[in-house]
Amino acid sequence: VFELLAIGDPAVTYISVSAIFMTVIRDPRFAIFLYGETGSLKTAFALLLLAFFVTDPQESDSASFKSTAIALAARFATSGNVPVIVDDYIQLPGPRQIGEEAKKADNLIRSIVNGNGRERAFGDGSLRPTDRPRGIAVITGEELPSGLDSLKKRTINVPVDKSTFENALKGPRPNQFDRLQKLAEAGVLTKAMGGFIAWAAGRFDDLQDYFDDPGHRLSWNDNSHRRLPDAANDVLSGAGAFLWYARDLDAITEDEAEKHSAAAIDAVESMLQRAYLESLNDCPAEAFAQLLHASMAALRCHIEVKDI
């Protein structure tokens with residue numbers, strides 16, 4: 001697991017891996033959106049996340065937005081707490097940008113975050129049992145959805161580019177990324193998650209209390225969407241739970257646990273800041289005010305008033 005955390009940019013690995021461990025403790029209130037250019041290994045990394053639950057996962061184990069909405073809902077309803085990869089979101093250009101796939105993504109993420117299933121009735125008018133979605137959606141795509149602000153506010157958006165995993169790709173093959181894929185193929189990540197689940201089962205009440213009041217001291221802008229701080233706390237709680245487990249096994253020292261915890265906090269605070277700046281695209285006046293404030297605080301500008 002620590003090799004996976006070190007495979008690339010901590011802003012990508014710590015958030016994603018921590019979120020996966022979090023889903024073992026409670027149902028997620030967000031989705032993860034890995035977005036970036038083709039060839040950035042975002043799908044390969046998503047499959048490594050799935051490898052915590054599935055030995056040697058393949059792209060064929062992923063869902064697709066080309067599937068019907070009913071098929072996607074059924075997959076999530078039967079997933080338990082296993083992550084579901086929904087691969088290759090495509091943003092249509094021009095006036096068609098809020099197309100079928102965007103609306104499908106919006107409806108899917110809303111149902112996951114809100115825990116809403118599709119209600120149906122028997123012929124006599126009585127309600128059928130509702131299949132509610134569970135697990136966490138790990139979505140990949142080349143760019144973020146445009147024109148659907150409610151969707152973006154329910155996702156943790158994680159940018160991935162060709163530099164994200166470049167250190168893991170250096171050197172002769174097999175490189176570090178190849179090694180992790182071999183470990184996934186051999187079921188090593190699955191065994192690691194199995195050990196964590198067994199450990200968590202004996203401390204489930206304590207872990208629930210920890211998630212309810214984690215005591216993380218995060219800083220975020222007061223204008224951030226209220227769902228993002230909740231998601232950030234859940235991600236850090238997932239990291240904290242895993243580090244608690246690793247300490248109980250004596251797999252890491254207390255100093256090492258503190259370093260990993262600090263790295264997770266840095267990654268999450270970076271995500272919150274990036275999400276806030278992205279939200280300013282819809283409010284240029286506030287964006288200008290924020291830039292002016294930052295420049296003045298850094299003594300990089302001054303205001304001069306001239307008589308007219």
Side-chain angles (χ1 to χ4, degrees), residues 1-26 28-35 45 48-49 52 83 136 138 152-161 163-165 167-168 192-193 196 199-200 203 206-249 251-280 290 294 297-298:
V1 178
F2 292 108
E3 285 189 48
L4 183 56
L5 289 172
I7 199 176
D9 185 348
V12 175
T13 59
Y14 275 84
I15 286 177
S16 303
V17 173
S18 299
I20 297 302
F21 279 90
M22 180 274 300
T23 62
V24 172
I25 311 300
R26 60 174 46 175
R29 296 176 287 181
F30 59 89
I32 293 177
F33 201 121
L34 301 172
Y35 68 96
F45 176 66
L48 287 175
L49 299 177
F52 280 113
I136 188 168
V138 180
K152 289 186 284 187
K153 291 170 181 175
R154 289 172 170 81
T155 59
I156 290 182
N157 301 319
V158 182
V160 181
D161 59 33
S163 68
T164 300
F165 303 109
N167 289 334
M193 180 58 74
F196 176 76
W199 172 87
R203 297 161 180 79
D206 291 337
L207 286 168
Q208 290 294 333
D209 291 341
Y210 169 60
F211 270 71
D212 289 336
D213 186 18
H216 306 310
R217 291 179 175 84
L218 285 172
S219 59
W220 59 75
N221 190 284
D222 290 337
N223 295 321
S224 298
H225 193 276
R226 62 179 178 83
R227 292 181 185 274
L228 281 177
D230 289 342
N233 273 310
D234 281 350
V235 168
L236 282 182
S237 295
F242 170 71
L243 293 174
W244 183 358
Y245 166 62
R247 284 290 296 119
D248 275 4
L249 290 183
I252 55 173
T253 65
E254 188 65 37
D255 287 344
E256 289 171 331
E258 289 180 3
K259 290 179 181 178
H260 284 293
S261 179
I265 291 172
D266 287 345
V268 168
E269 289 190 335
S270 174
M271 177 273 295
L272 288 170
Q273 178 66 11
R274 185 175 61 251
Y276 174 65
L277 293 175
E278 288 171 354
S279 72
L280 292 181
Q290 289 288 329

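By convention here, the first residue in the shown sequence is residue 1.
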Residue pair F165, V160: steps toward the side-chain contact (heavy atoms from CB on, under 4.5 Å) verdict: CA-CA 9 Å; F165 303 109; V160 181; 3.9 Å; yes
If you define the side chain from C-beta out and look only at heavy atoms, does anything of [X] sit under 4.5 Å from [Y]?
{"X": "L34", "Y": "V138", "value": "yes"}
{"X": "L4", "Y": "F45", "value": "yes"}
{"X": "L207", "Y": "V24", "value": "no"}
{"X": "L49", "Y": "S16", "value": "yes"}
{"X": "D161", "Y": "T164", "value": "yes"}

Nearest atoms (heavy-atom pairs only) where [X] meets [Y]:
{"X": "Y14", "Y": "A267", "value": "CB-CB, 4.2 Å"}
{"X": "I25", "Y": "Q208", "value": "O-NE2, 2.9 Å"}
{"X": "I20", "Y": "M193", "value": "CG2-CE, 4.0 Å"}
{"X": "R29", "Y": "D230", "value": "NH2-O, 3.8 Å"}
{"X": "A264", "Y": "A239", "value": "CB-CB, 4.0 Å"}
{"X": "R274", "Y": "V158", "value": "NH2-CA, 4.1 Å"}

Under the side chain to side chain donor-acceptor pair (under 3.5 Å) test, residues paired with [X] that sit two or more places apart:
{"X": "S18", "value": "none"}
{"X": "W244", "value": "none"}
{"X": "D206", "value": "none"}
{"X": "E258", "value": "none"}

Distance only, no hydrogens: is a donor on one side chain within 3.5 Å (strictly under) of an acceptor on the other, for T155 and N157? yes
To the closest 0.5 Å, what do you measure between [atom1] ([X]) and [atom2] ([Y])?
{"X": "L5", "Y": "I15", "atom1": "CG", "atom2": "CD1", "answer": "12.0 Å"}
{"X": "M271", "Y": "Q273", "atom1": "CE", "atom2": "CD", "answer": "11.5 Å"}
{"X": "E269", "Y": "L236", "atom1": "CD", "atom2": "CG", "answer": "8.0 Å"}

Partner set under side chain to side chain contact (heavy atoms under 4.5 Å, CB included) for A246, not counting sequence neighbours: F2, A251, I252
Among residues at least two apart in sequence or on other chains, which ones pass side chain to side chain contact (heavy atoms under 4.5 Å, CB included) with A19? F30, I32, I136, V235
In terms of the angle between their ring planes, are F21 and F52 parallel, tilted or perpendicular, with boundaries placed at 30° and 60°? perpendicular
Measure up the Y245 and F242 rings against each other and bin them: parallel (under 30°), tilted (30 to 60°), perpendicular (over 60°). tilted
Measure from the side-chain N and O atoms of S237 to the backbone N and O of N233, and report whether any donor-acceptor pair falls under 3.5 Å. yes
